[in-house]
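These figures come from a predicted structure and were not determined experimentally. The figures here come from the full heavy-atom set of this structure, side chains too, leaving out hydrogens, waters and symmetry mates. Throughout, protein chains are lettered first and strands after them, A, B, ... in sequence-line order, and every chain is numbered starting at 1.
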Number of protein chains: 2
Amino acid sequence: MSEIQRPGALYQQVAAAIREAILSGEFTAGAPLPSETQLIARYQVSRPTVRNAIAALRAEGLIEVRHGKGSFVRTTGTPALTINRRVTRSRGGQFTSADGIEWTTAEAPAVFRSHTTQATGALLGLDAEEAVFVCDRLLTDPATGTRALHRTTIPFEVAEGIDTLAEAPDREPDAIYALLSEAGHTLWWSETVRARMPLPDERTALQLPDATPVMHLARITHGTDDRPLILEELRAGADRAQLVYRITADKAAATRSSRNA
Amino acid sequence: MSEIQRPGALYQQVAAAIREAILSGEFTAGAPLPSETQLIARYQVSRPTVRNAIAALRAEGLIEVRHGKGSFVRTTGTPALTINRRVTRSRGGQFTSADGIEWTTAEAPAVFRSHTTQATGALLGLDAEEAVFVCDRLLTDPATGTRALHRTTIPFEVAEGIDTLAEAPDREPDAIYALLSEAGHTLWWSETVRARMPLPDERTALQLPDATPVMHLARITHGTDDRPLILEELRAGADRAQLVYRITADKAAATRSSRNA
DNA sequence: TGACGTCACTTGTCCTGACGAGTTATGAGT
DNA sequence: ACTCATAACTCGTCAGGACAAGTGACGTCA
């Protein structure tokens, strides 16, 4: 490199130079970066070094590379997909939890029998290798084309206790909640949000670009005696999706306490 | 490669072979993978191909590489850090929202005056370039050493309306909430959860390993007339942190409706 | 016994060279 | 004017080589 010596390896210096050029506005969002050949000439380094620098910027999610076309500055648009959770206490003590999106199920849901893994078993309060129904859905937001993977896991022993559930476990969550309520359960939910890098099959199924994490939402429906009944998992690309929790107290509730972060 | 031809490039075949070896249990969590030299001999490919395969597995977060030591299967342990949000309606209509963690503020919080960016301005219902107080904290969980970045953003016009807030904006969130309540505000919160790849400075501040996303939690405190008052942001490595929302209805509330995902 | 230097291992960096594969503009032929 | 083959660009893949840098074990020397 002909530039001033920065800390670290050559390719990191190149990456830092390109990063600054992007952040300073020399390359605006969506604009093409110089080609590898041009970067080689510009910084007087070999092609592996340039490619290494580009790989670093890709891993940061700062740029996007298209085969045969070039590298482009990624657009950091607002997520097209907002999953709303509302916890509202309206009059009469009624409780409402709602989504804001209209999903479309592209293909028929895939239902199969399986067993709990160590991870899912722990969430459902079961041992590993317990028999469960699994129902997979590919959800699509028709407005933007954003995709999400939805999976419902119902233990056999829960399904058998509820009339008509074991015969058709591929119901929509609402219908299942209704069945559980009719069976006398008082329901509450816990939702666990995590993020991680996608597995290869998730990358293709969700059509994720480089360096895009998936958000993993695990919702557990609890019944009477706080017994975990059903596990729902929602996976969506973090570049398009965000989760919003709205926590509302009614007017009488002004007192609050304890720590918050 | 001496193995059966799989789809895709050579390095992807090698990566797939190693991935299967990990998932099938040939290499358990924490165990060292064969060295690059050994992988070259095993699959009869060149070093760039092996390194490319390893890079792919690193980007997936499946393995971890330590300079001079080797590659290791990453432990997919349960997050050490669980941020709990409880939305409980106990008797008398009391409202409680609480964390489950005890944070330690390693260094003194850094307070400075700044301006809203386009992103933060939109969240607070302000234009860009509006004057705000910003308070940065580095939080540490003493039990595990897990770190998180906390930022409080208070617009000038909010701070000036509240007695003693403008003089000492570096209070803990609870104290600020108390001040707002005393000033006659009825508070409610909205929390937006997103995930993305960390910027380089976040990587170092949070001590993140490779291919680890950050979870970005933006909590907005709303006051009377739903006016956005304060923005809190919490950033933590997604390898260690998870967010749990517990949604509880009291016993009278059995009815529920609308879609859920 | 203890301290320390050396050496053999590991991954990291960087180079040269070559060809394959996707994209697009050019231009010849119809 | 239109079609289509070609060429010239882009990035992707793969080879082989060389040296730097981090790690740990081993053996030597005090």
Side-chain angles (χ1 to χ4, degrees), chain A residues 1-3 5-18 27 30-74 200 203-204 207 209-211, chain B residues 1-3 5-18 27 30-74 200 203-204 207 209-211:
Chain A
M1 258 184 76
S2 52
E3 315 282 325
Q5 285 295 319
R6 299 161 190 266
L10 245 185
Y11 79 92
Q12 287 174 339
Q13 300 173 32
V14 175
I18 300 174
F27 305 117
L33 255 58
S35 72
E36 292 181 357
T37 315
Q38 289 170 321
L39 290 173
I40 290 169
R42 178 147 157 183
Y43 296 111
Q44 296 292 313
V45 294
S46 70
R47 189 159 173 236
T49 304
V50 165
R51 284 186 62 79
N52 216 341
I54 288 177
L57 296 173
R58 284 176 67 162
E60 291 174 25
L62 204 62
I63 67 172
E64 183 181 2
V65 181
R66 286 196 281 267
H67 189 178
K69 300 189 74 172
S71 304
F72 301 86
V73 181
R74 256 225 209 147
R203 270 192 56 115
T204 57
Q207 298 176 331
D210 280 336
Chain B
M1 263 184 71
S2 53
E3 313 284 323
Q5 284 296 318
R6 298 161 191 267
L10 243 185
Y11 80 91
Q12 287 174 338
Q13 300 173 32
V14 175
I18 300 174
F27 305 117
L33 255 59
S35 72
E36 292 181 358
T37 315
Q38 291 169 322
L39 290 173
I40 290 168
R42 177 147 158 184
Y43 296 111
Q44 296 292 312
V45 293
S46 69
R47 187 156 178 241
T49 303
V50 164
R51 284 187 63 79
N52 215 340
I54 288 177
L57 297 173
R58 285 176 69 162
E60 290 174 24
L62 205 62
I63 66 172
E64 183 181 4
V65 180
R66 285 196 281 265
H67 190 179
K69 301 190 73 173
S71 304
F72 302 85
V73 181
R74 254 221 210 152
R203 270 193 56 117
T204 56
Q207 298 175 332
D210 279 338

Keeping the roles fixed (side chain from A/Gln207, backbone from A/Thr204), state whether a donor-acceptor pair exists under 3.5 Å.
-> no
Is it true that a side-chain atom of A/Glu36 and a backbone atom of A/Arg51 form a donor plus acceptor pair closer than 3.5 Å?
-> no
Check every atom of [options] against the side chain of [X] and return the nucleotide holding the closest atom.
X       : options                : result
B/Ala9  : D/dT13, C/dC14, C/dT10 : D/dT13
A/Ser35 : C/dT11, C/dC14, D/dC11 : D/dC11
A/Ser46 : C/dC14, D/dT13, C/dT13 : C/dC14

Electrostatic pair B/Glu64-B/Arg58, nearest N-O below 4.0 angstrom | no
Between [X] ([atom1]) and [N] ([atom2]), how many Å, whole number?
X       : N      : atom1 : atom2 : value
A/Tyr11 : C/dT11 : OH    : C1'   : 12 Å
A/Phe72 : D/dT10 : CZ    : C1'   : 9 Å
A/Ile40 : D/dC9  : CD1   : P     : 14 Å
B/Leu39 : D/dA15 : CG    : P     : 13 Å
A/Gln12 : C/dT13 : CD    : C1'   : 10 Å
A/Arg51 : D/dC11 : CZ    : P     : 8 Å
A/Glu36 : C/dC14 : CD    : P     : 16 Å
B/Leu33 : C/dT10 : CG    : P     : 13 Å

Give me the atom names and distance for the closest heavy-atom approach of [X] to [Y].
X       : Y       : value
A/Tyr43 : A/Ala17 : OH-CB, 3.7 Å
B/Ala15 : B/Ala56 : CB-CB, 4.5 Å
A/Ala53 : A/Tyr11 : CB-O, 3.3 Å

Can you tell me if the side-chain N/O atoms of B/Thr49 get under 4.0 Å from OP1 or OP2 in D/dT13?
-> no
Do B/Arg47 and D/dT13 have a side chain to base donor-acceptor pair shorter than 3.5 Å?
-> no
Is there a residue in residues 59-71 of chain A whose heavy atoms reach under 4.0 Å of DNA chain D, and which residues are they?
-> A/Val65, A/Arg66, A/His67, A/Gly68, A/Gly70
Show your working on salt bridge (Lys or Arg N to Asp or Glu O under 4.0 Å) between A/Asp210 and A/Arg203 and close with a plain yes or no.
-> CA-CA 9 Å; A/Asp210 280 336; A/Arg203 270 192 56 115; 3.4 Å; yes
